[in-house]
Amino acid sequence: VQLQASGGGLVQAGGSLRLSCAASGRSFRYYTAAWFRQAPGKEREFVSSVTQSGDSTDYADSVKGRFTISRDNAKNTVYLQMNSLNPEDTAVYYCAARSSRGTLGPWTGSQSQYRYWGQGTQVTVSS
């Protein structure tokens, strides 16, 4: 599976962006997908994950209520809708995927669980 993230950019605080992660290669519908982010000088951190069917999602506390993950398996694409952005959301955002384990759990926030990674897309939020 190859992953291509896009949709990043510069936005003012309070604004919105939608990131996309397009998958090619094997059928994406059999994969759990996630978004991680890495801010300057910080470790990469978990943002959100979604099951292969899209029926279950998980979010980091810092983005709950503001970000929404979704997927369109017909298009082999996962999305991250980001609303009410603030400067602390500034980071490079990475999409990741792994073969499905069925349900989400504590493991979904661990980078080591994901085999496939996209190249990252920069999100910058100005104050």
Side-chain angles (χ1 to χ4, degrees):
V1 174
Q2 293 82 43
L3 303 177
Q4 179 75 35
S6 62
L10 174 64
V11 63
Q12 289 188 332
S16 299
L17 282 174
R18 188 176 80 155
L19 305 183
S20 298
C21 177
S24 60
R26 300 176 185 176
S27 180
F28 198 46
R29 67 179 180 272
Y30 298 122
Y31 289 78
T32 296
W35 287 95
F36 288 78
R37 66 185 182 185
Q38 186 167 20
K42 294 187 176 181
E43 298 286 324
R44 189 178 300 186
E45 65 177 4
F46 169 75
V47 176
S48 183
S49 60
V50 61
T51 52
Q52 73 276 18
S53 65
D55 62 350
S56 182
T57 58
D58 191 19
Y59 297 92
D61 288 343
S62 59
V63 306
K64 279 181 182 176
R66 300 188 298 123
F67 291 11
T68 302
I69 192 170
S70 62
R71 66 191 298 162
D72 184 341
N73 286 335
K75 296 182 178 179
N76 278 2
T77 302
V78 174
Y79 304 98
L80 186 68
Q81 178 66 44
M82 305 186 296
N83 298 328
S84 301
L85 286 161
N86 58 62
E88 290 69 40
D89 295 315
T90 294
V92 177
Y93 283 71
Y94 298 89
C95 58
R98 60 154 292 146
S99 56
S100 174
R101 290 180 59 174
T103 59
L104 302 179
W107 61 269
T108 57
S110 173
Q111 298 179 57
S112 64
Q113 293 290 329
Y114 296 87
R115 179 176 181 182
Y116 305 101
W117 290 82
Q119 85 290 359
T121 184
Q122 176 71 48
V123 172
T124 303
V125 185
S126 62
S127 57

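When a residue number appears, it is its place in the shown sequence, counting from 1.
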Would you mind reporting whether [Y] and [X] have side-chain heavy atoms less than 4.5 Å apart?
X	Y	result
Leu80	Thr68	no
Arg44	Arg37	no
Thr121	Tyr94	no
Thr51	Leu104	yes
Arg98	Tyr114	yes
Asn83	Phe67	no
Val123	Thr90	no
Asp72	Tyr79	yes

Over all atoms of both residues, closest heavy-atom pair of [X] and [Y]:
X	Y	result
Ser100	Gly102	OG-N, 2.9 Å
Ser20	Trp35	O-CH2, 3.6 Å
Leu17	Gly7	CD2-O, 3.9 Å
Ile69	Ala33	CD1-O, 4.3 Å
Gln81	Ser16	NE2-CB, 3.9 Å
Pro87	Ser127	CG-CB, 3.8 Å

Item checked: Polar contact flag, side-chain donor to acceptor under 3.5 angstrom, Gln4-Ser6 -> no

Check: Does one side chain, of Arg101 or Gln113, offer a donor that lies under 3.5 Å from an acceptor on the other?
Finding: yes

Just by distance, do the side chain of [X] and the backbone of [Y] share a donor-acceptor pair under 3.5 Å?
X	Y	answer
Ser48	Asp58	yes
Gln119	Ala5	yes
Arg71	Phe28	yes

Margin query: Between Val50 and Thr32, does the side-chain contact (heavy atoms from CB on, under 4.5 Å) criterion hold? Intermediate values first, please.
Written below: CA-CA 6 Å; Val50 61; Thr32 296; over 6 Å; no

Check: Residues two or more places apart in sequence or in another chain: which of them pass ring pair (Phe, Tyr, Trp, His ring centres under 6.0 Å) with Tyr93?
Finding: none

From [X] [atom1] over to [Y] [atom2], what is the distance, rounded to the nearest 0.5 angstrom?
X	Y	atom1	atom2	answer
Arg66	Asn86	CZ	CG	4.5 Å
Ser126	Leu85	OG	CG	10.5 Å
Leu19	Cys95	CG	SG	9.0 Å
Glu45	Ser62	CD	OG	5.5 Å
Ser99	Gln52	OG	CD	10.0 Å
Thr103	Asp55	OG1	CG	10.0 Å

Note to self: Would you say the ring centers of Trp117 and Phe36 fall short of 6.0 Å from each other?
What the structure shows: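 For Trp117 and Phe36, the ring centres are under 6.0 Å apart.
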
Check: Do the rings of Tyr31 and Tyr116 sit parallel, tilted or perpendicular, given the 30° and 60° boundaries?
Finding: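 Taking Tyr116 first and then Tyr31, their aromatic rings stand perpendicular (interplane angle over 60°).
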
Check: In terms of hydrophobic clusters joined by side-chain contacts under 4.5 Å, are Leu3 and Tyr30 together?
Finding: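 Looking at the clustering, Tyr30 is in the same group as Leu3.
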
